[in-house]
2 protein chains.
Amino acid sequence: MIDPDDMSRLAQYSHRLAVMAGKTFIQEGEPANDFFIVTSGHVKIFALMPDGRRQITGFAQSGDFLGLASGATYGFSAEALGPLALCRFSRTGLNILKREFPDIEHRLMEEASRELVQAQKRMLLLGRKTARERLASFLLEQHHRSPTREIVINLPMSRTGIADYLGLTIETVSRTLNALQREKLIAITQVTQITLLNLPALETLARGG
Amino acid sequence: MIDPDDMSRLAQYSHRLAVMAGKTFIQEGEPANDFFIVTSGHVKIFALMPDGRRQITGFAQSGDFLGLASGATYGFSAEALGPLALCRFSRTGLNILKREFPDIEHRLMEEASRELVQAQKRMLLLGRKTARERLASFLLEQHHRSPTREIVINLPMSRTGIADYLGLTIETVSRTLNALQREKLIAITQVTQITLLNLPALETLARGG
DNA sequence: TCACCGCTTTGACATGGATCAAGGCGGTGC
DNA sequence: GCACCGCCTTGATCCATGTCAAAGCGGTGA
């Protein structure tokens, strides 16, 4: 999302930062002093309730911004899914940058737009779709992520991750995937690898009829 | 959100537009050629499924932007809740404006940030909260909207609106409100007017314990 | 005044998904 | 090879919310 040329200029205003796998490096509610760009690895973005209920609101990977959804404090928590590398900008540094490189604001804006579109789709999914529809939507989302539109998809997360992403329990995820397999819409080749056997049917299901 | 001074400069690049109450003036999936600023009235922003399931993703009122969450096509539909006045900008006009008044991009960015924070809260609500928690969150949101923090709140929408906003049915909304009344957390003074009797308890409930 | 209409409430019942509780299964270390 | 451990699956049951149906109830117009 950021081209390498800008990247090096940006680097003057930023600190490189490595994060261990599994570390929660942004805590919801803390002062949002920093802004990040992911340079390698994957990040899980989520919100927690006091009793432990978790909603994953998205993921970020290399090139993605982290911290757009922030006022005075962070509105989310973020955890490294594996070893992670980041560029960190202070908010004030970022503001200087925006003045110096107006293009940056465009890029931020584009990313924010994309995230907002994504967020609205997820609100529809979480508020109105059934478990089957959620799983179908999820599988197709993974499918579309692949540049070659592979019908064999490798799930980038565990059942717990899927459940927290879709607003379900792990049991429902497991049962629903098996139901889709019984109906020959998918084949579960390995625990984290699924083959999409009937794309049109999955698409119809995902959009709800 | 836009100051009157800028407003008049912006006006050169925009067309004023009046919309009748109830009219759906943005259809999800149509080419996102325009961008809007609400100048008076209220807008309901929502997504629909083919069988009629509806998820309201937000509302916009005077001063708010409409169209941030758009790629090539609109990712949502928008309906006038009452008589409505808008400024319409063509996308290309907006891009010219951005160059001419860099401040605009800042404002857009701020609004986008706010919307993203809001969206993440709603994903948690829709994915993980119970009906009671959703209603408590909703009532407090209305409460916070009032500049004077009135504990008597006037619901700006019907039961159907609340249900579609919270991902519930109208029956559940009705029953849950009555349950909260029985427990003396609220008093339903009129159908669309509710008094918050126990703010701390509502806040605890809304955040889930 | 009364009938009608849309919205809301209430009741009875159905059900999708959650919860609780065993197993199964694959990977790792001894 | 075997025991352990984390994750996943499967089964039994429960329950919050949805669905279906029937009254209220307030506003409007004849």
Side-chain angles (χ1 to χ4, degrees), chain A residues 21-22 44 49 51-56 81-82 124-139 154-183 186-194 205 208-209, chain B residues 21-22 44 49 51-56 81-82 124-139 154-183 186-194 205 208-209:
Chain A
K44 177 171 90 184
M49 292 174 70
D51 62 2
R53 277 176 282 174
R54 181 191 319 270
Q55 178 64 49
I56 296 179
L81 284 177
L124 178 63
L125 179 145
L126 293 169
R128 291 306 189 193
K129 289 190 185 177
T130 65
R132 289 165 56 79
E133 291 164 353
R134 293 183 200 200
L135 262 304
S137 303
F138 171 73
L139 293 172
N154 289 290
L155 301 180
M157 55 189 122
S158 71
R159 295 292 184 262
T160 304
I162 300 173
D164 286 344
Y165 188 53
L166 298 180
L168 300 169
T169 59
I170 55 175
E171 293 95 331
T172 298
V173 170
S174 178
R175 277 189 257 266
T176 304
L177 285 176
N178 282 318
L180 294 177
Q181 182 171 39
R182 251 177 277 121
E183 297 161 28
I186 65 173
I188 304 172
T189 42
Q190 295 169 211
V191 172
T192 59
Q193 183 177 105
I194 289 181
L205 181 55
Chain B
K44 177 171 90 183
M49 292 175 69
D51 62 3
R53 277 176 282 174
R54 180 192 320 270
Q55 179 63 48
I56 297 179
L81 284 177
L124 178 63
L125 179 146
L126 294 170
R128 291 305 188 194
K129 288 190 185 177
T130 66
R132 288 165 56 80
E133 291 164 353
R134 293 182 200 199
L135 263 303
S137 304
F138 172 71
L139 292 172
N154 289 291
L155 302 181
M157 56 189 120
S158 70
R159 296 291 183 264
T160 304
I162 301 174
D164 286 343
Y165 188 53
L166 298 180
L168 300 169
T169 60
I170 57 175
E171 292 95 332
T172 298
V173 169
S174 178
R175 278 189 256 265
T176 304
L177 284 175
N178 282 317
L180 294 177
Q181 183 172 38
R182 249 177 279 121
E183 296 162 30
I186 65 174
I188 304 173
T189 43
Q190 296 168 210
V191 172
T192 59
Q193 183 177 104
I194 289 181
L205 182 55

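Naming convention: chains lettered A, B, ... in sequence-line order (proteins, then strands); numbering from 1 in each chain.
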Within the 4.5 Å heavy-atom criterion, are B:Gln55 and B:Leu126 side-chain neighbours or not? yes
Test side chain to side chain contact (heavy atoms under 4.5 Å, CB included) on B:Leu177 and B:Arg159 and set out the steps. CA-CA 10 Å; B:Leu177 284 175; B:Arg159 296 291 183 264; 4.0 Å; yes
Counting side-chain heavy atoms from C-beta on, which of D:dG18, C:dT9, C:dT8 comes nearest to B:Asn178? C:dT9
Between A:Ser174 and A:Ile170, is there a donor-acceptor pair closer than 3.5 Å when you use the side chain of the first and the backbone of the second? no
Tell me the interatomic distance from A:Met157, atom CE, to D:dC7, atom C1', rounded to whole angstroms. 16 Å
Would you kindly give the CZ-to-P distance between B:Arg182 and C:dT10, to the nearest whole Å? 8 Å
Do the side chain of A:Arg159 and the base of D:dT10 come within less than 3.5 angstrom through a donor-acceptor pair of N or O atoms? no
Euclidean distance, atom CD1 of residue B:Ile188 to atom P of C:dT9 [Å, nearest integer]: 6 Å
For B:Asn154 and B:Gln193, work out which heavy atoms get closest and say how close. OD1-NE2, 3.0 Å
Rounding to an integer number of Å, can you tell me how far A:Lys129 NZ sits from C:dG17 P? 13 Å
If I take atom CD in residue A:Gln190 and atom P in nucleotide C:dG24, what distance separates them, rounded to the nearest angstrom? 22 Å
Using a 4.0 Å heavy-atom cut-off, does A:Thr130 contact any base of the nucleic acid, only the sugar-phosphate backbone, or nothing at all? sugar-phosphate
OP1 or OP2 of D:dG18 under 4.0 Å from side-chain N/O of B:Thr169: yes
Using only modelled atom types and a 3.5 angstrom limit, is any donor from either the side chain of A:Arg175 or the base of D:dG11 paired with an acceptor on the other? yes
Roughly how many Å is it from CD1 in A:Ile162 to C1' in D:dC8, rounded to a whole number? 11 Å
B:Thr160, nearest nucleotide to its side chain (from C:dT8, D:dC20, C:dA18): C:dT8
Among C:dT8, D:dC8, D:dT10, which nucleotide sits nearest the side chain of B:Val191? C:dT8
Toward the 5' end of DNA chain C, by each residue's nearest nucleotide, A:Ala131 or A:Glu171: A:Ala131
Under 4.0 angstrom between A:Ser174 side-chain N/O and D:dC8 OP1 or OP2: no
What contact category does B:Gly167 fall into here, base, sugar-phosphate, or nothing, at under 4.0 angstrom with non-hydrogen atoms? sugar-phosphate
B:Arg53 CZ to D:dT17 P: how many Å, rounded? 18 Å
Any donor-acceptor pair under 3.5 Å linking the side chain of B:Arg128 with the backbone of A:Arg53? no
Nearest whole angstrom, please: distance from the P of D:dT10 to the CG of A:Leu177. 11 Å
